[in-house]
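Just so we're on the same page: letters track the sequence lines, and every chain starts at 1. Side chains included, hydrogens not; waters and symmetry mates left out as well; all remaining heavy atoms used.
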Amino acid sequence: DSWQVGIIIYYLIL
Amino acid sequence: MFECRLPKAEVLKKTMDALKDLIKEAVWDVSAQGLSLQSMDSSHVSLVQVTLRTEGFDTFRCDKNIALGVNMDTMQKLMKCASNDDNITLKSEDNGDLLSLIFESPNGEKTSEYEMKLMDLDIEQLGIPDQEYSCTIKMPSGEFQRICRDLSNIGESVNITVVKGGVDFSAKGDIGNAKIHVTESSNVDNEKDAVTVEVNEPVNLTFALRYLNFFTKATPLSGQVSLSISPDVPLVVAYEIEDLGHVKYFLAPKIEN
């Protein structure tokens, strides 16, 4: 099984 | 006052087609550099970023930076009222709540003007750092679309393994397994048909096909697609729009449980 991680985890909110 | 004109509506129609299944509302940021848009999909798994540079427009006037909040369904519906060959003008006052879309037929005999209500949207913007990627694959966009579509018949995810000289796209599912190997082109007459694979270090990552299939809605914009991949960072799927800009999608990899 694999998990889908959100994009926010990788990039900072400006 | 903002006003810009494109010689063919087709390119903006295709851009809307590339976005509408992924995002429902978005903000077009207008500046002297051109039009840009960045938005996450509603589940915050993927991100799309569009740049349409000033130089690609026939005319471009922007007196003051403005943000045009739009409902993507509405904008796409209105764009569909333009013929592909029509030239298109977008216009908005600095503090207005309307975006005018004016379509003019090539012979100048028909002019259609639509006004779309703008929305006051507060959309989170993410900072995407410039970075080097371990691998960059360039391939015909239609081929990538076909691979994503075909592998969706097998499983929900695609494993992308890049090694020197080629790429494996593989999927596993209840009904069986699939592996599609794409080899780097040795000699290609037409640049659009070329497959190039740049590898600084081999990578092996897994991505949700559901999102990749959304991304391939941008296929009509460009004959080639580029996939930039590094371990533990989002994949970038980029479509260049000739002389105008690009549509880039970002998708976080799936992580082994």
Go through chain B and chain A and list any donor-acceptor pairs closer than 3.5 Å, backbone and side chains both.
| from | atom 1 | to | atom 2 | distance (Å) |
| --- | --- | --- | --- | --- |
| His44(B) | O | Ile7(A) | N | 2.9 |
| Gln125(B) | O | Leu14(A) | N | 2.8 |
| Gly127(B) | N | Leu12(A) | O | 2.7 |
| Ala252(B) | O | Gln4(A) | NE2 | 2.9 |
| Ile255(B) | N | Trp3(A) | O | 2.8 |
| Ile255(B) | O | Trp3(A) | N | 2.7 |
| Asn257(B) | N | Asp1(A) | O | 3.0 |
| Asn257(B) | OD1 | Trp3(A) | NE1 | 3.0 |

Next on the checklist: Which heavy atom of Pro140(B) sits nearest to which heavy atom of Val195(B), and what is that distance?
Outcome noted: CD-CG2, 3.9 Å

Checklist entry - Nearest 0.5 Å, what's the CG-OG1 distance between Leu244(B) and Thr15(B)? => result 7.0 Å

Next on the checklist: Against Leu47(B), only a single residue in Ile128(B), Leu251(B), Val236(B) fulfils side chain to side chain contact (heavy atoms under 4.5 Å, CB included); can you say which?
Outcome noted: Ile128(B)

Checklist entry - Between the side chains of Ser31(B) and Gln33(B), does any donor sit under 3.5 Å from an acceptor? => result yes

Checklist entry - Which residue pairs pass the salt bridge (charged side-chain N to carboxylate O under 4.0 Å, His left out) test when at least one of the two sits in residues 141-154 of chain B, sequence neighbours left out? => result Arg146(B)-Asp150(B)

Checklist entry - Taking Met79(B) as the fixed residue, which of Met116(B), Met16(B), Lys20(B) is the one that meets the side chain to side chain contact (heavy atoms under 4.5 Å, CB included) rule? => result Met16(B)

